[in-house]
Structures are given as structure tokens and as C-alpha cells.
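Shown next, in C-alpha cells, is the structure this report addresses.
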Amino acid sequence: MDEQSLQMEKKFDRGFQALDAIFEFVSTFVSRLKLDGGVAYSINLAVEELFTNMVKYNSGAGDRILIRVFKEPKTVVVELVDFNVDPFDPETVREVSTDAPIDERTPGGLGLHLVKSIVDKISYEYQDRQMKVTVVKRLGS
């Protein structure tokens, strides 16, 4: 298998019980590409947070969630596709004020804030009741 063009994808049941299988899936991808620990951590955290949000918040959903990971020349790209859902753009989530005292913070949004802080790009597409969130993580310097 040519590591320059490695792409893996799999659909996972909509539920938190799928997380172990998702971690194994991502770990296989990371191992095949021999990615460093920092990149692996970023990919795992992003996948876990985005998948969990899709399970918890995507109304109208019932289908499995597709996770696709692939390597481009200087990046790793992760796509999560949720089917038969209402639109929800993660970019519309208000920024979390991490400097505010804990008792003045509004619950929610911290996971997405963490994802945005550890990846290089996050984008959202919605068409025909299909939502796709893509994250990009640069490799090396």
C-alpha cells in the first residue's frame, strides 16, 4: 500500500459504544503512516469530539456516521459525514471564553474549541440532508 495515497473509510453505528472501534480505526491509520504522537493525538481528539457531537446533537439522524481519513502531501485530512440530518454548522458555535471565571461561563462548546485549537483547518458542508465536517492537520514543519 502506497502511504502517500493511503485512504481509509468506514461507517460506524451512531452511539458512544462505537468509540472503541473508532479509536482502533484511527490507530490503524496512524500506525500505517507512522505519524508522530502529536498528530495522532490531534486526529484522535478531533474525531472523538466531532463524532460525539454528531451523536448528541444532530437531529433527524438515524443512519451510521462515515469517517474517512487520508493523507495528502503535507497534511492529514479527516472527514466525518452524517446522513439524513438537519443542518448544523459548527462554525456558528460561539467562541468559548476560556479566560472567564468558571461560574460565568456558559456550558457547551469547549470540545469544539479544543478541536479548532489543535487542527489547522475545519470546514463544514451541508447538502441534501448530508453534513460533512472536514479537519486538516499539517504534518511536520
Side-chain angles (χ1 to χ4, degrees), residues 1-100 102-141:
M1 181 178 307
D2 175 15
E3 79 174 37
Q4 293 301 317
S5 61
L6 178 62
Q7 175 177 310
M8 294 173 50
E9 66 178 57
K10 185 174 180 180
K11 284 187 176 181
F12 294 91
D13 289 337
R14 173 180 300 283
F16 303 119
Q17 73 280 0
L19 286 171
D20 286 340
I22 290 169
F23 294 142
E24 184 177 321
F25 171 78
V26 173
S27 177
T28 298
F29 176 79
V30 165
S31 294
R32 287 183 182 172
L33 290 179
K34 299 176 178 67
L35 298 176
D36 72 51
V39 172
Y41 175 81
S42 297
I43 293 169
N44 271 306
L45 180 64
V47 169
E48 177 184 12
E49 182 60 32
L50 295 170
F51 179 85
T52 300
N53 281 352
M54 287 178 169
V55 170
K56 286 169 46 176
Y57 302 118
N58 282 1
S59 58
D63 295 331
R64 297 168 77 188
I65 296 171
L66 173 71
I67 300 176
R68 179 181 300 121
V69 289
F70 56 96
K71 182 180 179 295
E72 293 185 336
K74 295 186 183 208
T75 62
V76 171
V77 180
V78 180
E79 298 174 342
L80 286 89
V81 182
D82 204 355
F83 304 91
N84 193 30
V85 295
D86 296 333
F88 171 74
D89 184 348
E91 289 296 307
T92 64
V93 174
R94 64 173 169 60
E95 287 296 316
V96 174
S97 176
T98 56
D99 296 334
I102 194 78
D103 58 339
E104 294 178 17
R105 295 184 195 178
T106 305
L110 188 57
L112 197 51
H113 170 78
L114 289 171
V115 170
K116 289 178 182 179
S117 71
I118 62 168
V119 300
D120 296 294
K121 181 181 176 186
I122 184 168
S123 61
Y124 163 84
E125 297 173 45
Y126 183 83
Q127 183 176 2
D128 298 327
R129 296 194 50 77
Q130 180 174 300
M131 170 185 174
K132 179 167 76 171
V133 178
T134 304
V135 294
V136 177
K137 180 69 179 170
R138 276 193 290 265
L139 298 172
S141 46

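Predicted, not measured: the structure shown is a model, and the values here were computed from it.
Heavy atoms from other residues, nucleotides or ligands lying under 6.0 Å from CD of Q17 number more than 12.
If you take CG on L50 and CD on E79, they are separated by 12.0 Å, rounding to the nearest 0.5 Å. Taking CZ of F16 as the start and CD1 of I22 as the end, the distance is 10.5 Å to the nearest 0.5 Å. Interatomic distance, CE of M54 versus CE of M131, reported as 4.0 Å (0.5 Å rounding). N53 CG to E49 CD: the interatomic distance, rounded to the nearest 0.5 Å, is 4.5 Å. Here the straight-line distance linking atom OG1 of T75 with atom CG of L139 works out to 6.5 Å at 0.5 Å rounding.
A distance-only check finds a donor-acceptor pair linking the side chain of T52 to the backbone of E48 [under 3.5 Å].
Under the side chain to side chain donor-acceptor pair (under 3.5 Å) criterion, D13 pairs with R64, sequence neighbours left out. Residues that satisfy the side chain to side chain contact (heavy atoms under 4.5 Å, CB included) test with D36, not counting sequence neighbours, are V39. Q130 pairs by the side chain to side chain contact (heavy atoms under 4.5 Å, CB included) definition with V81, F83, not counting sequence neighbours. Every ring pair (Phe, Tyr, Trp, His ring centres under 6.0 Å) that F25 has, sequence neighbours left out, goes to F12. Residues that satisfy the salt bridge (charged side-chain N to carboxylate O under 4.0 Å, His left out) test with E125, not counting sequence neighbours, are K132. K11 is linked by a salt bridge (charged side-chain N to carboxylate O under 4.0 Å, His left out) to nothing, counting only residues two or more places apart in sequence or in another chain. With sequence neighbours excluded, the residues satisfying side chain to side chain donor-acceptor pair (under 3.5 Å) with D120 are R138. Residues meeting the side chain to side chain contact (heavy atoms under 4.5 Å, CB included) test with V30, sequence neighbours left out: V26, L35, A40. For the side chain to side chain contact (heavy atoms under 4.5 Å, CB included) test, residues two or more places apart in sequence or in another chain that qualify with Y41 are L45.
Side-chain contact between V85 and Y126: present, with at least one pair of heavy atoms (C-beta onward) separated by less than 4.5 Å. Side-chain contact between V136 and E72: absent, with no pair of heavy atoms (C-beta onward) separated by less than 4.5 Å. Looking only at side-chain heavy atoms (C-beta outward), R129 and D86 come within less than 4.5 Å of each other. For the pair V135/K137, no side-chain contact is recorded, criterion being any heavy-atom separation below 4.5 Å from C-beta on.
Screening L80, V133, D82 against F51 for a side chain to side chain contact (heavy atoms under 4.5 Å, CB included) leaves a single residue, L80.
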